[in-house]
Amino acid sequence: MIKRARRLRKNSSIRNLVSETKLHADDFVYPIFIKENLSGREKINSLAGQDYLSPDELQHEIDELLNLGINAIALFPVLNPSCKSSDAAEAYNRDNFLNKTVELTQKTHGDNVSIITDIALDPYTSHGHDGLLIDGKIANDKTVEVLCKMALSQAQAGADIVAPSDMMDGRVAAIRETLDRNGFEDVMIMSYTAKYASSLYGPFRDALGSLGSKEKPVIASSTGAKQSHDKEITSSATLPRNDKQTIPSDKKTYQMNFANKKEALRELEMDIEEGADIVMVKPASWYLDVIQQFKENSSVPVAAYQVSGEYAMLKMAIQNGILSESAIEESLTAIKRAGADIILSYFAKEFCRSLQN
Ligand code: PBG
């Protein structure tokens, strides 16, 4: 036999030598939930192994991440319900909880860590949607105006990368223009370019208490009566004006249909045209074909987000002895092999710890 493929699988030193895909700690972004009015940390029930952190605890967490070689974090704030409103005004308050945390982190760690902040209105809207609701519809252009103010406040607080995850049309160009006009031409935009309307965001929404979470966001009427959004809210004389409308129960008018791949290419072309510095596919594992397509067609780096549901499924299977821990490395390697230059993953910390041993 002239050709024997098995020769290159002889032992681990040969296998490592010819390995086509290698994961490094600096491939990763670690998503972190920060929570208002918390001291220290608190377990996240929907995401075993992940904690809500206070701003001070976050600084210690970053020390740990830097020791593991992870240099980038994506921050998601969990807010007091009193911060939420139909106009999401708190989203662009320069001194809101997220922005104050960004400022502290920038002061503490400077350029050692890249701070990525999410741009979408869902933590700030009373109904939990990523955009403003006008007459029962997500109002694209009005939302983009708010997203620009939100991006600017995050840049002023010290965010290195702003990451629009809202899927409104035209937001990358508008945010770029706003940042440049205000002297933030060095702040990068990592766009959630192909973000699918996925069932895999469930644990994240539970962690945040946003739309579709098991704990439904509660809308207080002017009489103090409460109504959960899963009962569609229709005209009621007791509700404040903006809540007198039906609230869409999903995000399918802005997030992509999971049946579509060519449409992702159109989103990619628009985002690159509009000035995105990094483009993203989300979720990752069920969308490896889209990641590969982005890799082949993108002139900028490609990120992939292994989302909360992907993490939770693997974590539960491993915890219950159904899969072995090597499933983590396999899943992350597949995402990189498909073409991701950057991986956002809740496994980043535990996986990079295993790389060191
Ligand atoms: C909000 C946002 C979501 C995620 C990241 N940013 C949820 C959503 O769109 O409902 C999900 C991340 C995850 O599931 O890990 N725009």
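Counting starts at 1 for both ligands and their atoms, following the listed order.
Using a 4.0 Å cut-off between a side-chain N of Lys or Arg and a carboxylate O of Asp or Glu, K349 and E61 qualify as a salt bridge. Taking the charged nitrogens against the carboxylate oxygens, K35 and E57 have no contact shorter than 4.0 Å, which rules out a salt bridge.
A donor-acceptor pair under 3.5 Å is absent between the side-chain atoms of E42 and the main chain of L38, judged by distance alone. Checked by atom type and distance alone, the side chain of D341 pairs as donor or acceptor with a backbone atom of V302 at under 3.5 Å.
Contact shell of ligand 1 (protein heavy atoms, cutoff 4.0 Å): F76, D118, A120, D122, D130, S165, K195, L200, Y201, F204, R205, K251, Q255, K282, Y305, V307, S308, Y346.
There is a path of hydrophobic side-chain contacts, each under 4.5 Å, that joins L265 to F258.
Under the 3.5 Å distance criterion, with hydrogens and angles disregarded, no donor-acceptor pair is assigned to the side chains of N99 and N93.
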